[in-house]
Novice: 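A single structure is presented below for examination.
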Amino acid sequence: MTEQYSTIVLEETAIQELVSHLRGTLLRPSDEGYEQARQVYNAMINKYPALIARCADVADVIAAVNFAREHQLPRFRPKRPRCDLFV
């Protein structure tokens, strides 16, 4: 089974709106801490998400999930044990 992805372009204003709703941080590939945050327990998984929401509380999780849904982001998954959401 192969996965196919289409390119989704997010407006900077949409990303900044998400940032304004988060108490935690939103990391992009160019941000300090991105490389460490994107690593998962299984070293065989080497993904590069466009955004990583480092959620501080439940409200952050809700904001990130709603953002992903509203923008039809195809790969949205929680990272455990921390409350990081990969988009």
Novice: Given 3.5 Å as the limit, does a donor-acceptor pair link the side chain of Tyr34 with the main chain of Pro49, or not?
Specialist: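 Checked: pair present.
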Novice: Check Pro29 against Ala50 and note the closest heavy-atom contact, atom names and distance.
Specialist: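 Shortest heavy-atom contact: CD-O, 3.3 Å.
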Novice: Does Asp31 have any side chain to side chain donor-acceptor pair (under 3.5 Å) partners at least two apart in sequence or in another chain, and if so, which?
Specialist: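 Asp31: no side chain to side chain donor-acceptor pair (under 3.5 Å) contacts found.
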Novice: Asp60 and Arg23: which non-hydrogen atoms are nearest, and at how many Å?
Specialist: OD1-N, 2.8 Å
Novice: For a 4.5 angstrom cut-off between non-hydrogen side-chain atoms, does Arg54 reach Leu26?
Specialist: no
Novice: Can you find a heavy atom in the side chain of Arg38 that is under 4.5 Å from one in the side chain of Glu35?
Specialist: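 Yes, close enough: below the 4.5 Å cut-off.
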Novice: Any side-chain heavy atom of Phe67 sitting closer than 4.5 Å to one from Leu10?
Specialist: yes
Novice: List the atom of Leu27, the atom of Gly33, and the distance in Å for their closest heavy-atom pair.
Specialist: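 Heavy-atom minimum between the residues: CD1-O, 3.8 Å.
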Novice: Donor-acceptor pairs are to be reported for all side-chain atoms of residues 13-21 against protein atoms at under 3.5 Å, with residues two or more places apart or in another chain.
Specialist:
from: Gln16; atom 1: NE2; to: Glu12; atom 2: OE2; distance (Å): 2.7
from: Ser20; atom 1: OG; to: Glu17; atom 2: O; distance (Å): 2.6
from: His21; atom 1: ND1; to: Glu17; atom 2: O; distance (Å): 2.7

